[in-house]
Enquirer: 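Supplied in structure tokens, the structure appears directly below.
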Amino acid sequence: MENQSVAQKLEALVKLQSIDTKLDELKKLRGDLPDEVQDLEDEIEGYRTRQNKHEAAQKEIEEGIKKHKEAIKEAEKLIKKYSEQQKNVRNNREFDAITKEIELQELEIQICEKKIKEGKENIQEKKDEIEKTEVFVKERGDHLENKKKELDGILAESHEEEKRLLAEREKASKKIEDKLLKYYERLRGSLSNGLAVVRVVRGAAEGCNIVIPPQKIAEIREKKKIVIDEHSGRILADVDMDSLDEGDKPKTAKVATPAPARRKKAE
């Protein structure tokens, strides 16, 4: 590649651009299907994450209810114990103290029962949310399956062609020096139509409507250096002479025809 002429470099770039354009056309056949499939997969993943959170929250609430029930049982045991102690009190002060403990345990039971009720309501809400999410997952899953089949059908049709083009692209890329290849790749990524190597058509670079001066067109035709379109950054590889107006075509210098020699006067 070090000994490549500018013409050879441009030829290699044109070849690579041609391959990439064909690959772009194959991608266009797929349309928005790959993005739609990805979006559906992301959406379903989001629903599943939400479902897992609801299930984890439900389990946590159930654990809380279990603890509250155990707390009620413990409070009931204490009430029974304190009630027995009340029968053997020696004075009013002891009686009042035990009565207060009983009231505290009864209050604890009321609080636990309230929390159990709230917990059961929350569990039902979580169950409803889980059921709704399952419906969404089923619906979107069916839609995803259809989109995947559609995409797989298109991919199957273009698989061999794409495989061949990718192999050709790899070979073509190796014929281009790294610095120039990196510029081409970066430029292609920044252009909506992916055309980084173009011809001059009707006096302007393809994809750009700004007219190129005749002098610059002459430089492009000479292929002695890589010419970059200063407006779009595209590599200008050739000129479509048929599309140029007569005024834009390089002028061919006219060679003056010598006048016939005058005959010397006869002496």
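All figures in this text were calculated on a predicted structure; none of them were measured in a lab.
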Enquirer: So does Arg169 pair up with Glu185, basic N to acidic O under 4.0 Å?
Expert: yes
Enquirer: With salt bridge (Lys or Arg N to Asp or Glu O under 4.0 Å) as the test, pick out the partner of Glu84 among Lys80, Lys81, Lys87.
Expert: Lys87
Enquirer: With a 3.5 Å cut-off and no angle check, do the side chains of Gln38 and Asp42 form a donor-acceptor pair?
Expert: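 A donor-acceptor contact under 3.5 Å links the two side chains.
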Enquirer: Are any of the side-chain nitrogens in Asp142 or Lys138 under 4.0 Å away from the carboxylate oxygens of its partner?
Expert: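 So Asp142 pairs with Lys138 through a salt bridge.
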Enquirer: Can you run down the ring pair (Phe, Tyr, Trp, His ring centres under 6.0 Å) pairs that involve residues 184-215, sequence neighbours left out, and say none if there aren't any?
Expert: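 Every candidate ring pair (Phe, Tyr, Trp, His ring centres under 6.0 Å) pair involving residues 184-215 fails, so no pair, neighbours aside, qualifies.
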Enquirer: Among all residues two or more places apart in sequence or in another chain, which pass the salt bridge (Lys or Arg N to Asp or Glu O under 4.0 Å) test with Glu162?
Expert: Arg30
Enquirer: Salt bridge between Glu168 and Arg164, side-chain N to carboxylate O under 4.0 Å?
Expert: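 A salt bridge is present here (some side-chain N lies under 4.0 Å from a carboxylate O).
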Enquirer: Would you say the side-chain atoms of Gln105 and Glu101 include a donor-acceptor pair closer than 3.5 Å?
Expert: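 Their side chains do not contain a donor-acceptor pair, so the 3.5 Å distance test is not met.
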Enquirer: If you look only at pairs with a residue in residues 58-108, which of them pass as a ring pair (Phe, Tyr, Trp, His ring centres under 6.0 Å), with sequence neighbours excluded?
Expert: none
Enquirer: Count the heavy atoms of every other residue, nucleotide or ligand shown that sit under 6.0 Å from CD of Glu106, and state whether that count exceeds 12.
Expert: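 Above 12, so yes.
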Enquirer: Excluding sequence neighbours, so at least two apart, what forms salt bridge (Lys or Arg N to Asp or Glu O under 4.0 Å) with Glu157?
Expert: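 Testing Glu157 for salt bridge (Lys or Arg N to Asp or Glu O under 4.0 Å), a comparison that skips the adjacent residues, returns none.
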Enquirer: Are a donor atom and an acceptor atom from the side chains of Asn122 and Glu118 found within less than 3.5 Å of each other?
Expert: no
Enquirer: Hey, could you give me each pair passing ring pair (Phe, Tyr, Trp, His ring centres under 6.0 Å) that has a residue in residues 121-166? Not counting sequence neighbours.
Expert: Tyr47-Phe136
Enquirer: Could you list the residues that satisfy side-chain hydrogen bond (donor to acceptor under 3.5 Å, both in side chains) with Gln86, not counting sequence neighbours?
Expert: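 Partners of Gln86 by the side-chain hydrogen bond (donor to acceptor under 3.5 Å, both in side chains) criterion, ordered by chain and then number, come out as Thr99.
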Enquirer: Check the surroundings of atom CD in Glu129: do more than 12 heavy atoms from other residues, nucleotides or ligands lie under 6.0 Å from it?
Expert: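 It does: Glu129 CD has more than 12 such atoms within range.
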